[in-house]
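So the structure is just underneath, and the comments pick up after that.
Counting convention: from 1, in listed order, for ligands and their atoms alike. Note that these values count all heavy atoms, side chains included, but never hydrogens, waters or copies made by symmetry.
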Amino acid sequence: MNEAIREVLDEAGLPPLPEPLAYPIVDCHTHLDTVQDVAGIEPAISLAAAREVGVTRIAQIGCDVEGSEFAEELARTHHNVIAAVAIHPNDAVHLGRAKIADTLKRIDELASTGDHVRAIGETGIDHFGTTDAAGHALQREVFAAHIAMAHAHGLTLAIHMRDARNGGEGDGPTSGRQAHDDVVDILNAEGWPDRVIMHCYSGDAELARVCLDHGAYLSFSGTITFNSAGPQRQALAIAPDDRILVETDAPFLTPAPRRGKRNGPYLLPYTARFVAQQRGWDEVRACQQFTDNAFAAYGGAW
Ligand SMILES: [Zn+2]
């Protein structure tokens, strides 16, 4: 198995398998459908490669109706996968106002299919991919509708936020905090669900404090390993042990030292080990904490 996986990764131009972790962990945010689209790796291979290195469970995240249906089905047919369903803020803008109501209805249906669908996400505000005021207004409405859905179904809310000046795949935090401010304002207005995950946390310690005070989890991606991630590391430093998650956001945000290549859940050990080292945790203790936190953030073990 291991040899076959190595060959597939090699042929696809992807990095080799890292050293396996000492204890199993969860990839808290990934897109296996997009990994297949951009790197040609089938979801079954992505899952098998991840398992080889100790990433035994994943949260598959939807960004549109097709992706949310894919996530629901993958989670229904794989005991080690849970699904999140939503319309990504940029996808909402591409879709246009006329189609939003029907689309949200379909997401709401998917959200109530069973315990394998654990979250509404990814949803939020994106000022990088969408720059016009009408688009931002639509994003705010769609985000509010997703928050209401999380409340109605008792599900976790998985949040995407990206600022206008946040260039190149979340490459470091920015001075403009408009998307972050919007996200906090809308959550304050609509009410923070019991479980909120700040996916690919890209803010500083000040914003982290606001999120943590509302019970949110900070999910760190490969960007935490970049040299530009000083503010994110300060946020990591102030987070309580039980609010820290790790994720790949594959196929994006590949951690150092594999930055520049496509990402997969099997590369999560780099980020996990980096976060563990920042916290002064040994590997087993870190992985146990990450797994406990993932189960708590998504409303129970799977
Ligand atoms: Zn994502």
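Each protein N, O or S atom less than 2.8 Å from the Zn ion (ligand 1) was counted, giving 4.
In this structure, Arg195 is not positioned above the aromatic face of Tyr298 in the sense of NZ or CZ being under 6.0 Å from the six-membered ring centre and within 45° of the axis.
Other residues, nucleotides and ligands place no more than 12 heavy atoms under 6.0 Å from the CG atom of Asp194.
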Criterion ring pair (Phe, Tyr, Trp, His ring centres under 6.0 Å) on His31 and His29, from CA distance to verdict
CA-CA 7 Å; His31 304 277; His29 186 115; 5.0 Å; yes

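Using the six-membered ring where Trp is involved, His214 and Trp192 have ring planes that are parallel, under 30° apart on the 30 and 60° scheme.
Partners of Asp115 under the side-chain hydrogen bond (donor to acceptor under 3.5 Å, both in side chains) rule, at least two apart in sequence or in another chain, are Arg118.
For the residue pair Asn90 and Thr130, a side-chain donor N or O sits within less than 3.5 Å of a side-chain acceptor on the partner.
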